[in-house]
Amino acid sequence: MKWLKRMSSLLLAGSLLTGSLGLGTEVSAAGAYTAVADPSKQYQTMEGWGTSLAWWGKVVGEYSNRDEYVEKMFNANTGLGLNILRYNIGGGDNPSSNILEYRKAVPGYQPSPGVYDWNADANQRYMLQAAKAQGVNVIEAFANSAPYWMTISGGVSGAANGGNNLKPDYYDDFADYLTEVVKHFRDNWGSHSIA
């Protein structure tokens, strides 16, 4: 009996939603409503628009015609004029791993505990500097993974079943890693606007 009540309720709800019972539902004709944009009214302010470098910056950053891509993306007069950029602070995968395809294998700056390699990720760094020269004025840093040696799985591609992959004893170290990279960008490469 309960299934009959449920089925009746579902049929009644469906009929009301589709208006098939004819209980005062109205269908408006196409074109019956006109929306008008008033440019004198402003409801929000946008900082601009942009892109994330990450994988494409790593790949295109090694092309011989990479400056053409930079101009098409970031130049306000001859390109799209993007002014916001997200920089991927890579974790750097385990050198013995070959799981990640080339574009996804973003190098990290700390290949082992306490050792920094500031020559890493040259392609993405080049794209960042070239984009700044074209007018990018908002730069944000993000990370997809901690360095492989800080992870539970021993790699930057994630943990089993999508769980947390950062070893609990490396929480502070990972925060220090991100801070050091951003600080190095600011102090040595003139990326004062990186956040």
Side-chain angles (χ1 to χ4, degrees), residues 46-64 66-67 69-70 73-74 80 82-195:
M46 295 176 55
E47 280 186 279
W49 63 317
T51 186
S52 174
L53 282 178
W55 299 350
W56 80 266
K58 177 186 187 283
V59 173
V60 174
E62 71 179 355
Y63 289 178
S64 61
R66 60 191 178 183
D67 291 327
Y69 286 88
V70 171
M73 296 292 286
F74 304 107
L80 295 174
L82 302 180
N83 71 304
I84 299 174
L85 192 69
R86 293 181 70 227
Y87 181 87
N88 181 8
I89 300 175
D93 205 7
N94 188 330
S96 66
S97 174
N98 61 357
I99 294 173
L100 295 176
E101 60 184 88
Y102 175 75
R103 68 185 172 98
K104 294 179 182 179
V106 177
Y109 291 100
Q110 196 174 22
S112 59
V115 176
Y116 280 87
D117 177 6
W118 297 117
N119 294 314
D121 201 16
N123 297 347
Q124 193 183 186
R125 282 188 294 111
Y126 178 87
M127 297 298 283
L128 169 66
Q129 295 299 334
K132 283 175 40 186
Q134 291 287 338
V136 166
N137 60 356
V138 178
I139 303 168
E140 299 174 351
F142 74 100
N144 292 321
S145 177
Y148 76 93
W149 50 269
M150 292 185 190
T151 66
I152 295 168
S153 70
V156 297
S157 58
N161 300 317
N164 176 25
N165 198 28
L166 182 59
K167 292 177 183 175
D169 50 333
Y170 281 108
Y171 282 22
D172 290 341
D173 296 65
F174 183 44
D176 289 343
Y177 169 68
L178 296 175
T179 304
E180 284 301 314
V181 171
V182 170
K183 183 178 181 299
H184 189 86
F185 270 68
R186 184 195 67 203
D187 295 347
N188 297 282
W189 297 324
S191 293
H192 297 287
S193 55
I194 199 165

Inter-residue atom distance [X].[atom1] - [Y].[atom2], 0.5 Å rounding:
{"X": "Asp172", "Y": "Thr179", "atom1": "CG", "atom2": "OG1", "answer": "10.5 Å"}
{"X": "Leu85", "Y": "Gln124", "atom1": "CG", "atom2": "CD", "answer": "8.0 Å"}
{"X": "Glu140", "Y": "Asn88", "atom1": "CD", "atom2": "CG", "answer": "13.0 Å"}
{"X": "Ile139", "Y": "Phe185", "atom1": "CD1", "atom2": "CZ", "answer": "9.0 Å"}
{"X": "Asp93", "Y": "Lys104", "atom1": "CG", "atom2": "NZ", "answer": "12.0 Å"}
{"X": "Phe142", "Y": "Leu53", "atom1": "CZ", "atom2": "CG", "answer": "8.5 Å"}

More than 12 heavy atoms from other groups under 6.0 Å of CG on Asp169: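 Count over threshold, so yes.
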Are any side-chain N or O atoms of [X] and backbone N or O atoms of [Y], one a donor and one an acceptor, separated by less than 3.5 Å?
{"X": "Asn83", "Y": "Asn137", "value": "no"}
{"X": "Asn161", "Y": "Gly163", "value": "no"}
{"X": "Ser153", "Y": "Gly158", "value": "yes"}
{"X": "Glu47", "Y": "Ile84", "value": "no"}
{"X": "Asn123", "Y": "Val106", "value": "no"}

What closest approach, in Å, do [X] and [Y] show between heavy atoms, and which atom pair accounts for it?
{"X": "Ile99", "Y": "Ser157", "value": "CG2-OG, 4.3 Å"}
{"X": "Met150", "Y": "Leu166", "value": "O-CD1, 3.6 Å"}
{"X": "Arg103", "Y": "Val59", "value": "CB-CG2, 3.5 Å"}
{"X": "Val70", "Y": "Met127", "value": "CG2-CE, 3.7 Å"}
{"X": "Ala146", "Y": "Val156", "value": "O-CG1, 3.4 Å"}
{"X": "Ile89", "Y": "Ala141", "value": "CD1-CB, 3.8 Å"}

Parallel, tilted or perpendicular: ring planes of Tyr116 versus Tyr177, cut at 30 and 60 degrees: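 The rings of Tyr116 and Tyr177 lie parallel, inter-plane angle below 30°.
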Aromatic plane relationship, Trp118 with His184 - under 30° parallel, 30 to 60° tilted, over 60° perpendicular: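 Correct class here is parallel.
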Verdict with supporting geometry, Asp121 and Arg125, salt bridge (charged side-chain N to carboxylate O under 4.0 Å, His left out): CA-CA 6 Å; Asp121 201 16; Arg125 282 188 294 111; over 6 Å; no
Contact list for residues 48-60, test side chain to side chain donor-acceptor pair (under 3.5 Å), sequence neighbours left out: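 Pairs touching residues 48-60 that pass the test: none.
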Validation row: Phe174, Pro147 side chains within 4.5 angstrom (heavy atoms):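 Answer yes - side chains close enough.
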Test item: Val60 and Tyr126 side chains (from C-beta on) under 4.5 Å apart, heavy atoms: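 Side chain of Val60 against side chain of Tyr126, heavy atoms only: no contact under 4.5 Å found.
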Set of ring pair (Phe, Tyr, Trp, His ring centres under 6.0 Å) partners for Tyr171, sequence neighbours left out: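 Not a single residue meets the ring pair (Phe, Tyr, Trp, His ring centres under 6.0 Å) criterion with Tyr171.
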